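Here the structure is a predicted model, which means the values were calculated and not measured.
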Amino acid sequence: MEHGFAPVYGKGCRVLILGSFPSVRSRAVGFYYGHPQNRFWKTVCGYFGESVPETISGKTDFLMRRGIALWDVVEACEIEGSSDASIREESVGDLKSLFDSCGAEKILCNGSKSFQMLEKHYPELLPYTKKLSSTSPANPRFSEREWFAALQEAGLH
């Protein structure tokens, strides 16, 4: 059984970005979107015109300054490598409590698997949710423009 990370959040977060489960590389470095080819940090920091922080504490500070909570839907699971398709025996986090306590008004799902898991376990959160293209390097259909529009729509500037 593999385990994910604790959520990153604080009071006053306007948006909750949800992934599915950390990749092998992310688990090795101990933080979200740790694969150097994943587009997450470059995209989100780029939206604000900032460079990507080098450290975990720098990335956490960036998220808090910008009103972004970050978590994965799956807290623990059996998984082969980094393949979302292989996730089984999953346990999911208490997304409803986190969403309510952090003050977010919008959930942005980073890819289809996080959206499917949210839909399955927390259908009551769907009215607040938007599915975006995955920032994974394995996704050829990633759209930075889509991400920028969703961040703007969520009221982040």
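With hydrogens and angles ignored, the 3.5 Å screen pairs a side-chain donor or acceptor of Ser86 with a backbone N or O of Ser83. Between the Arg27 side chain and the Gly4 main chain, no donor and acceptor come within less than 3.5 Å of each other. Here the side chain of Ser26 pairs a donor or acceptor atom with the backbone of Gly34 at under 3.5 angstrom. Trp71 contributes a side-chain N or O that, together with a main-chain N or O of Phe5, makes up a donor-acceptor pair within less than 3.5 Å.
Note that CD of Glu144 and NZ of Lys42 are 6.5 Å apart. Values are rounded to the nearest 0.5 Å. Rounded to the nearest 0.5 angstrom, Leu16 CG and Leu18 CG are separated by 4.0 Å. Distance CG/Leu132 to CD1/Ile17: 8.0 Å, rounded to 0.5 Å. Atom-to-atom distance recorded for Cys77:SG and His3:NE2 is 9.5 Å, nearest 0.5 angstrom. Atom-to-atom distance recorded for Ile107:CD1 and Phe115:CZ is 10.0 Å, nearest 0.5 angstrom.
Each of Asn38, Asn110, Thr135 was compared with Tyr33 under the side-chain hydrogen bond (donor to acceptor under 3.5 Å, both in side chains) criterion, and only Asn110 meets it.
Annotation for Gln152: atom CD does not count as buried by contact number, only 12 or fewer foreign heavy atoms lying within 6.0 Å. Counting non-hydrogen atoms of other residues, nucleotides and ligands closer than 6.0 Å to CZ of Phe40 gives a total above 12.
Applying the side chain to side chain donor-acceptor pair (under 3.5 Å) rule to Gln116 yields no partners; only residues at least two apart in sequence or on another chain are considered. The ring pair (Phe, Tyr, Trp, His ring centres under 6.0 Å) search around Tyr47 returns Phe148, not counting sequence neighbours.
Every pair passing side chain to side chain donor-acceptor pair (under 3.5 Å) that includes a residue from residues 117-131 is listed here, sequence neighbours excluded: Glu90-Lys120.
Nearest approach of Glu75 to Phe21, heavy atoms of both residues: O-CE1, 3.7 Å.
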message: For Val29 and His35: C-alpha separation, side-chain torsions, deciding distance, then whether side chain to side chain contact (heavy atoms under 4.5 Å, CB included) applies.
response: CA-CA 9 Å; Val29 301; His35 192 291; over 6 Å; no
